Amino acid sequence: MGGWLSTESPYPVPFYDRPVLDVAPELLGATIWHGPVAVRITEVEAYGGADDPASHAFRGLTPRNAVMFGQPGSVYVYLSYGVHWCLNIVCSPAGQAAAVLVRSGKVIAGLDGLRARWPRLAERDLARGPGRLGRVLSVGPDLNGTPVTGGGPLRVTGVPTPGAQAAVDAQPTTYLAWQRSTHGRGSARIVQTGPRVGIRLAAERPWRFWLAEEPSVSRGPARSVPHPHEG
DNA sequence: ATTATGATCGTCT
DNA sequence: GACGATCATAATG
């Protein structure tokens with residue numbers, strides 16, 4: 001997709017107003033900002049609605065998941081295990097629930113302050129995993145429902161990774177590596193997919209996406225997996 | 001290196 | 001009252 005090639009202006013609402021499986025891998029490599037801290041996204045997961053038993057929205061609208069049914073490009077924040085505030089970005093048209101869980105990233109701004117606050121953590125671990133990513137970005141319930149498209153405290157900027165899902169689909173035998181998209185500095189983005197982490201239902205769907213060779217990607221139970229045969 | 005366990009609380013049954 | 005889209009620490013091989 002062309003048109004959003006500025007590294008400064010936020011990805012616009014139409015970027016998110018699409019099927020979540022298209023948006024999720026394209027979000028890899030983007031930068032998410034909150035105050036002085038910025039993180040380059042290296043790992044995400046896609047969650048659907050009524051079609052996805054692993055989704056918070058599977059059983060319909062509740063007070064907690066309401067923003068998942070709302071405006072694409074807004075943030076869905078939930079408390080994980082009573083401890084961690086995790087960050088999602090809502091996708092697909094309003095009225096249809098879907099969101100991308102931002103799981104991991106590499107800190108690219110505000111590093112000094114974060115290092116001082118968590119001196120025992122290696123730099124690559126600061127935003128590794130959804131709990132720690134939420135922590136470095138100061139994600140809390142106050143951000144629930146706010147936009148990442150401008151006009152709010154959070155911004156997502158950068159250059160989308162185009163056509164990532166299409167390339168994943170084109171791989172007939174494995175979900176393995178795909179390459180493409182050389183943006184500036186000749187940095188190739190290699191997208192890999194595998195099962196989502198920490199869920200029981202629909203655990204076989206390879207709806208987790210990450211950038212290969214990225215040390216900030218959380219270690220899940222599986223890496224990339226064989227392509228399940230149809231029928 | 002891998003595996004087990006406690007923490008902690010909002011949400012839904 | 002049970003259950004997590006998790007993480008840090010402790011125990012064990």
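Quick caveat, the model's predicted, so the values are computed rather than measured. Values below: every heavy atom of this structure, side chains too, minus hydrogens, waters and symmetry copies. Convention: sequence-line order gives letters A, B, ...; per-chain numbering from 1.
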Nearest whole Å is fine: how far is [N] [atom2] from [X] [atom1]?
| X | N | atom1 | atom2 | result |
| --- | --- | --- | --- | --- |
| Phe58(A) | dT13(B) | CZ | P | 12 Å |
| Tyr81(A) | dT11(B) | OH | P | 16 Å |
| Trp85(A) | dA5(C) | CH2 | C1' | 14 Å |
| Asn65(A) | dG10(B) | CG | P | 17 Å |
| Asp125(A) | dA8(C) | CG | P | 8 Å |
| Arg64(A) | dG10(B) | CZ | P | 12 Å |
| His84(A) | dC3(C) | NE2 | P | 21 Å |
| Phe209(A) | dA5(C) | CZ | P | 19 Å |

Touch class at under 4.0 angstrom, heavy-atom based, for Pro141(A) against every strand present: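 No contact at all - Pro141(A) keeps every heavy atom at 4.0 Å or more from the nucleic acid.
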
Just call it for Leu101(A): base, sugar-phosphate, or nothing, with non-hydrogen atoms closer than 4.0 Å on any strand.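 Touches a base.
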
Selected nucleotide, minimal atom distance to [X] side chain, candidates [options]:
| X | options | answer |
| --- | --- | --- |
| Asn88(A) | dC12(B), dC7(C), dA5(C) | dA5(C) |
| Val83(A) | dT11(B), dT8(B), dA5(C) | dT8(B) |
| Met68(A) | dC7(C), dT6(C), dA5(C) | dA5(C) |
| Leu79(A) | dA7(B), dA5(C), dC9(B) | dC9(B) |
| Arg59(A) | dT13(B), dA7(B), dT11(B) | dT13(B) |

Atom pair CZ/OG of Arg128(A) and Ser218(A) - distance to nearest 0.5 Å: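 Here the interatomic distance stands at 7.0 Å.
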
Between OG1 on residue Thr193(A) and CG on residue Leu21(A), distance to nearest 0.5 Å: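 So the gap between those two atoms works out to 10.0 Å.
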
Do any side-chain nitrogens or oxygens of [X] fall under 4.0 Å of OP1 or OP2 in [N]?
| X | N | result |
| --- | --- | --- |
| Arg120(A) | dC7(C) | no |
| His56(A) | dA5(C) | yes |
| Arg132(A) | dA8(C) | yes |
| Arg103(A) | dA5(C) | no |

Do Asp52(A) and Arg196(A) meet the salt-bridge criterion of a basic N to acidic O distance under 4.0 Å?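 Counted as a salt bridge, because a side-chain N and a carboxylate O are separated by less than 4.0 Å.
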
Is there a Watson-Crick or G-U wobble partner for dA5(C) with both distances under 3.5 Å, and which nucleotide is it?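 Its partner is none (no Watson-Crick or G-U wobble pair with both distances under 3.5 Å).
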
Counting only distance, no hydrogens or angles, is the base of dA5(C) paired donor-acceptor with the side chain of Tyr78(A) under 3.5 Å?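 Checked by distance alone, the answer is yes.
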
Using the ring of Tyr16(A) (Phe, Tyr or Trp, six-membered ring only), decide whether Arg18(A) places NZ or CZ under 6.0 Å from its centre and within 45 degrees of its axis.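 So Arg18(A) doesn't make the cation-pi contact.
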
Which heavy atom of Leu201(A) sits nearest to which heavy atom of Pro53(A), and what is that distance?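 Looks like CB-CB, 3.8 Å.
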
Decide if atom CZ of Arg115(A) counts as having more than 12 heavy atoms of other residues, nucleotides or ligands within a radius under 6.0 Å.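 Check passes, neighbour count above 12.
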
